[in-house]
Amino acid sequence: MLGQDIIGFKRQQFVKDLYNPKFFLNNFNYVHFHDVTTLVKCMKDDYYIPRDIIRVNVRSEEEFQAMKRLILESSMTDIAKLFLYLNYGSDLDVYGEMSHKRFSIVTTPTVYKWNMEKEGYRKFRRMNGTFIEVCVYERNFRTIFDQIKEWHFQHLARLFIIRFDYISLSTLTQEELHELHFHINHFLHWVAVTREGTTQSQSDKNKIQGIEWHSTGGRFMKPIYVTPDLHLWFNEAHSRESDESLFVLKPSPTNGEDIPFKELNLIRQYIDLPIEGLISGYKGNLYLIDYYQNSVLMHTFNEVPLITELILKWFQI
Amino acid sequence: MVSNIIRIPSSDLMFTSLCNLRCKYCFEAKKTPINLKFEDYLPYLKAGGTIKFFLFGGEPFMNPQFMEDFFHYVYNELEGPPNVVKRIKMSVRNVITNGTLIHKHIDLIKKYNLHMQISMDGIKEAHDANRIDVRGEGTWDRVMENIKLCYKEGISWSVHGVVNRQTLPLLSKNMIFFFELYCKYDPRGVNEAIRKLGQNLSQIIFEEDWTDADVDILIQQIYEVCQYLMLHPKLDRTQKRRAIHNFLTRRGGKCGAGTALMAVDSNMNVFPCHRQADNSAFDVEEMKLGNLYKGDELKNFKVYNTFHRIGVSHRFVYGYKYFNHAYRNSSFYWTNWCPSTNAFTSGNFNPYYANAKYTVMHNEVDRFITMLLKYYGIRDEKNRGKSRQ
């Protein structure tokens with residue numbers, strides 16, 4: 001290298017190193033796979049070794065069996081926290097034999113309700129964790145929190161995953177925002193009462209430990225969603241609503257110099273940003289942040305839109 | 001009296017989108033040919049909507065009538081508090097031009113004592129590689145003639161250029177050329193040449209696919225310039241040290257785009273930054289904040305808020321009160337704190353991140369500069385207490 005000949009200067013960073021296909025997905029600590037096949041493929045092609053948090057969509061009994069084999073044959077659950085996103089009505093008995101493995105089930109309220117009425121319900125409850133994901137969008141907040149209560153999920157209250165669709169919520173009027181604030185407060189009080197068994201004042205919110213604030217983001221999270229064609233997206237909603245993915249995984253021996261700067265920058269800006277720089281100017285509860293929605297609303301993924309900031313404030317524990 | 005105007009503290013006034021050059025790296029790719037008429041702008045000027053102007057194009061001398069009327073009004077008819085009038089008169093002096101039409105408007109320039117900020121990329125080979133006219137011919141000779149004319153007529157001038165991948169191997173020659181140009185054609189001579197080394201004479205375009213070989217070339221070029229200055233026979237020891245110090249620790253200007261500064265195009269549409277007006281990289285309608293005369297129809301608050309928030313967060317972090325974001329910590333040719341350019345290279349307005357390949361180059365060059373300063377025994381006085389990125 002030319003530079004090495006000048007006053008003993010040695011290069012430390014190289015453009016070539018900006019992309020290395022080997023274990024590329026390990027740059028993210030929350031990897032969401034579209035299906036089990038994609039996870040297997042990424043592991044086989046050395047794009048990923050299981051680590052941190054893995055989330056896999058399971059859409060059929062066959063997929064579940066494949067996932068089960070993978071869990072039993074590998075030590076995946078020893079080193080990674082595994083979330084199986086179950087969106088089909090399943091015979092829950094099949095989970096029983098894997099109860100010693102560390103993994104969690106995520107369902108929608110509908111699927112959970114469907115399963116709850118089945119005989120395998122008790123076994124289902126014995127899982128390490130069963131999360132119920134609800135998405136609050138546009139004007140459905142009027143019913144969503146009430147529905148949760150109606151379904152008598154009190155005993156599972158700590159296992160909700162609440163996602164907010166800030167893009168649609170940003171169209172709310174001032175009056176509707178007040179209403180949303182009321183519903184959130186009401187929900188938080190309900191959780192508090194359910195968990196503690198006694199009525200608490202609003203100032204005692206610190207005692208509420210009833211809800212898991214998992215979403216697509218978070219202070220220590222860099223989530224990524226992988227589709228079968230190896231396209232990378234911020235999250236599942238991003239892949240549904242946008243035409244442009246963040247990046248497409250390229251096989252070896254591709255390196256940084258081979259990829260056009262625009263394509264490379266989309267993903268590198270996300271990888272290279274230090275965790276503390278992911279969200280600038282906000283120090284509160286960050287688990288409900290959605291980077292894709294930030295980029296739609298703010299033209300930048302690490303600036304929190306006003307609507308998000310408002311809701312985060314209401315949910316701050 | 002006009003009501004409902006958008007008041008802008010500082011304005012990039014793009015009063016023409018016409019240009020007689022077709023520079024290969026120009027961001028104003030669409031170039032809808034339109035000239036702003038002074039009569040249309042006058043009511044806004046009278047209403048006092050802006051107190052600081054940067055005259056911008058296109059090429060400003062493609063709309064000389066506007067300039068004539070504008071300067072006549074500002075220097076002869078403008079009314080208001082004396083300090084404001086003085087400030088406006090000061091701000092309008094600086095004209096950013098490609099330097100090919102100066103000779104045609106020499107009377108206008110002399111009459112209002114304008115400062116010519118000429119875009120020039122360096123030696124003929126580097127300049128003509130990109131800065132060509134509508135016929136595809138190089139423009140270096142014409143620009144040189146006009147610089148000589150400025151010197152002869154006592155017109156204040158300065159040069160600013162850019163470097164891309166193609167002209168990078170010529171960087172040291174360009175810098176040496178600029179140094180000698182100031183020595184020869186600036187009345188203040190060698191002292192001005194040394195002072196100018198501390199400014200962004202040549203900014204490197206970072207919207208390029210930089211390679212590791214380019215990084216090495218840049219490092220080599222920087223070293224060559226330093227060696228030239230160190231071995232210059234006519235500079236004394238103090239001048240040499242000052243010249244090298246200025247060259248190595250140069251920083252970019254400050255920019256308040258989107259906060260204190262807005263761009264107004266020839267249709268009197270307002271944008272957070274001039275790079276978004278008439279630029280094929282952006283959806284103009286999406287970036288447009290509104291029309292200068294229609295303050296009650298402002299839109300695109302998300303664009304404005306993003307710029308504003310970036311500005312505010314930087315204000316807290318880096319202490320710039322009004323000029324909050326671009327060029328923070330911009331040592332050497334570093335300009336990656338420009339939200340608009342970042343949006344082009346990475347789809348993200350946030351100035352934390354620009355072009356990854358350029359970032360590698362910057363980091364390596366920055367390390368090299370630190371090493372060079374030690375090598376020549378020069379303390380980085382200008383940037384003391386400021387962390388390098």
Side-chain angles (χ1 to χ4, degrees), chain A residues 1-19 167 170 242 244-247 255-274 276-282 291 293-307 309, chain B residues 206-224 226-227 281 286-287 300-303 305-307 309-310 312-314 316-317 339 342-365 367-368 371-372 374-376:
Chain A
M1 291 268 174
L2 275 168
Q4 290 178 339
D5 301 328
I6 303 171
I7 59 170
F9 178 74
K10 285 190 174 56
R11 293 273 305 272
Q12 284 181 0
Q13 295 180 16
F14 295 91
V15 177
K16 283 191 175 77
D17 296 344
L18 289 172
Y19 177 73
I167 298 170
S170 65
S242 173
E244 279 189 37
S245 62
L246 281 173
F247 191 67
N255 66 43
E257 283 191 346
D258 303 330
I259 305 171
F261 72 89
K262 270 191 181 179
E263 190 182 346
L264 188 66
N265 289 340
L266 280 177
I267 193 73
R268 284 302 324 182
Q269 62 172 325
Y270 189 37
I271 295 172
D272 288 347
L273 205 64
E276 59 269 24
L278 275 174
I279 303 303
S280 50
Y282 192 76
Y291 301 119
Q293 294 185 14
N294 287 357
S295 62
V296 172
L297 291 169
M298 295 297 282
H299 285 291
T300 163
F301 65 85
N302 56 340
E303 287 286 336
V304 183
L306 289 174
I307 179 70
E309 205 169 292
Chain B
F206 59 85
E207 305 101 300
E208 294 256 22
D209 276 313
W210 298 104
T211 63
D212 283 322
D214 295 327
V215 182
D216 290 330
I217 290 170
L218 180 56
I219 286 168
Q220 177 74 32
Q221 295 291 314
I222 291 168
Y223 182 66
E224 280 177 19
C226 289
Q227 284 299 89
E286 198 186 332
M287 293 297 147
N300 276 341
F301 289 104
K302 66 181 181 184
V303 174
N305 281 340
T306 306
F307 267 83
R309 286 171 64 111
I310 289 167
V312 168
S313 58
H314 275 241
F316 287 129
V317 178
N342 288 1
F344 176 68
T345 56
S346 63
N348 191 339
F349 272 122
N350 201 294
Y352 279 105
Y353 204 80
N355 183 358
K357 295 180 179 183
Y358 190 83
T359 305
V360 168
M361 182 148 83
H362 169 262
N363 290 347
E364 290 300 288
V365 167
R367 281 183 49 248
F368 182 66
M371 207 167 173
L372 269 181
K374 276 186 189 168
Y375 179 74
Y376 290 117

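Not measured: the values here are computed from a predicted model. Chain naming here is simple, since letters A, B, ... match the order of the sequence lines and numbering starts at 1 in each.
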When rounded to the nearest 0.5 angstrom, what is the spacing between [atom1] in [X] and [atom2] in [Y]?
| X | Y | atom1 | atom2 | answer |
| --- | --- | --- | --- | --- |
| Lys262(A) | Thr345(B) | NZ | OG1 | 8.5 Å |
| Trp210(B) | Phe261(A) | CH2 | CZ | 10.5 Å |
| Asp17(A) | Asp212(B) | CG | CG | 7.5 Å |
| Asp209(B) | Leu264(A) | CG | CG | 9.0 Å |
| Ile7(A) | Phe368(B) | CD1 | CZ | 4.5 Å |
| Thr211(B) | Phe14(A) | OG1 | CZ | 12.0 Å |

Please state whether the side chain, the backbone, both or neither of Glu207(B) comes within less than 4.5 Å of a heavy atom of chain A.
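Both parts, backbone and side chain.
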Within the side chain of Arg367(B), is there an N or O that forms a donor-acceptor pair under 3.5 Å with the backbone of Arg11(A)?
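No: the side chain of Arg367(B) does not pair with the backbone of Arg11(A).
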Verify, without hydrogens or angle tests, whether Glu364(B) (side chain) and Gln13(A) (backbone) share a donor-acceptor contact under 3.5 angstrom.
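Confirmed, Glu364(B) side chain pairs with Gln13(A) backbone.
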Non-neighbouring partners of Glu244(A) that pass side-chain contact (heavy atoms from CB on, under 4.5 Å), sequence neighbours left out
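Expected list: Ser242(A).
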Under the side-chain contact (heavy atoms from CB on, under 4.5 Å) rule, collect the residues that match up with Ser245(A), sequence neighbours excluded.
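Ser245(A) satisfies side-chain contact (heavy atoms from CB on, under 4.5 Å) with His231(A), Trp233(A), Val248(A) once adjacent residues are dropped.
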Given a strict heavy-atom distance threshold of 4.5 Å, which part of Ile259(A) is in contact with chain B: side chain, backbone, both, or neither?
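Just the backbone, heavy atoms under 4.5 Å.
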